[in-house]
There are 2 protein chains.
Amino acid sequence: MNGKIFIIEDEPSIIQLVQHNLEKEGFIVSSSLNGNEGLKELKKFEPNLLLLDWMLPDLSGIDICKNIRKDNSFKDLPIIMLTAKGEEEDKIKGLDSGVDDYLTKPFSFNELMARIKAVLRRSNPNTVSDNLEFEDLVLDRIEKRVFRDKKEIKLGPTEFRLLEFFLSNPKRVYSRDQILENVWPNNVNVESRTIDVHIRRLRQSVNIKDKKELIRTVRSSGYSLI
Amino acid sequence: MNGKIFIIEDEPSIIQLVQHNLEKEGFIVSSSLNGNEGLKELKKFEPNLLLLDWMLPDLSGIDICKNIRKDNSFKDLPIIMLTAKGEEEDKIKGLDSGVDDYLTKPFSFNELMARIKAVLRRSNPNTVSDNLEFEDLVLDRIEKRVFRDKKEIKLGPTEFRLLEFFLSNPKRVYSRDQILENVWPNNVNVESRTIDVHIRRLRQSVNIKDKKELIRTVRSSGYSLI
DNA sequence: TTAGTTTGTAACAATTCTGTAACATAATAA
DNA sequence: TTATTATGTTACAGAATTGTTACAAACTAA
């Protein structure tokens, strides 16, 4: 998951929490505590999505919204509005003003994340791709297909998940424990040597003559893409 | 398993139990009985993980959480929240205060241990992201690679850990005892001369023609980077 | 059902890593 | 200087880790 997200929200604790978690998810995040300043910074930052608080000390969220929509280069910027509880009526207005979605505080991060993904996918398909890529390797999560060098590769379910996991963070070395935790269904007990065998199978499928080895063994640590 | 764990929890019996068991597992543990004092001590202690009680006499767990997340040097500190049953669980989760995991009292030590391991695995390699650097030497802990002068150097597992240890505090002279304690798995007995041999191997790998020696011998004291 | 896949494990092979001993050399003290 | 102690260097056996293969059980699709 990638993309740039801007937050305008006057409560620092919310900014901290959301920003922290979004960055952990791989987004580039910037923020502002008030409307006027936020508008300026936003235009410099050029985000792919805006999280906008409804109640701000200077401008209301709706004013910001209108302002943004006037600016030609941002008239398609997806906006998710954050509203405090009990601002029900205003929601409707909010939607009228060109907001893409709204979220009522307090919200869980998972909720927020789901909305962000949905909105980004809907309005900016390029920033959120369901393909994982690494060099000449492409994994299509939706169609469950894998290509190397434009040619399709057939993988079994486990090899697919294994490769998907490696691609989530290419080059990073994962221990067998980490692989087990993330690739196998929870609380399934398999020997760690089993992973070696699946690595072997994945290697066999993924390797192409005249192409370099894709999976690196790091002795006493685990495996990684390379 | 190693690392530093801090506990903020007002019930002494729980602290006793948890602390004792964690120390037996090889963790360095410190604790505090209340929020305000805990916050101060925590920042001095610089833990790798925090066990945080939800109900405290002075501050609530969530306040502490927010406070921690504001501090830049601790915004990635993994936190496991301890809650009593029925203690507004939903609220805690709903607010998503940046907590990494929850545990409902009463819990077994095994449960706790499992969560700790999972959280540490999940968040430590990520947050500790960083490369260790010293002059033209770079050690990438995530990808488990070492570079000197931009060129990759192949190291065995022990040499890697050895170098990693030296890089944690470059220029500092470590005695053979300290090296043993930190580089070799706990309760392994090896002769101290063995270290000399590994130093030799590390030197051989790390040294480059026309570049100065990187590892200094301090007679009767130990070794250090230089 | 049946035929074809997929999966986990065991067993063995291949490879790499480690610790130690033994000897060489360097530094220090007497 | 010589004696003594600390460190450097090398070689090697056996530990430990990983690669590979084969096979039976579990699973799927027709």
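Each chain gets a letter, A, B and so on, in the order its sequence line appears, and its residues count up from 1.
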For V206(B) and R148(B) the tightest heavy-atom approach is O-NH1, 3.1 Å
Give the rounded distance in Å between these two atoms: [atom1] of [X] and [atom2] of [N].
X       : N       : atom1 : atom2 : answer
L202(B) : dT18(C) : CG    : C1'   : 15 Å
K154(A) : dG4(C)  : NZ    : P     : 18 Å
R200(A) : dT17(D) : CZ    : C1'   : 17 Å
R203(B) : dT9(D)  : CZ    : C1'   : 11 Å
L155(A) : dT6(C)  : CG    : P     : 10 Å

Can you check whether S220(B) has a side-chain N or O nearer than 4.0 Å to OP1 or OP2 of dT5(D)? no
Assuming nearest nucleotide by heavy-atom distance, tell me which of D196(A) and Q204(A) is located more 5' along DNA chain D. D196(A)
In terms of ring plane angle, is the pair W184(A) and H198(A) parallel, tilted or perpendicular, where the classes change at 30° and 60°? perpendicular
Assign F160(B) to base, sugar-phosphate, or nothing according to its heavy-atom contacts below 4.0 angstrom with the strands shown. nothing
Among side-chain atoms of S220(A) and R161(B), is any donor-acceptor pair under 3.5 angstrom? no
Could you run through nucleotides 19-30 of chain C and give me one letter per nucleotide, 5' to 3': B if any protein heavy atom sits under 4.0 Å from the base, S if only the sugar-phosphate is that close, - if neither? BBB----BBS--
Carefully, step by step, assess L132(A) and R141(A) under the rule side-chain contact (heavy atoms from CB on, under 4.5 Å). CA-CA 8 Å; L132(A) 293 173; R141(A) 298 168 109 162; 3.9 Å; yes
Any salt bridge between R201(A) and E159(A), counting N to O under 4.0 Å? no
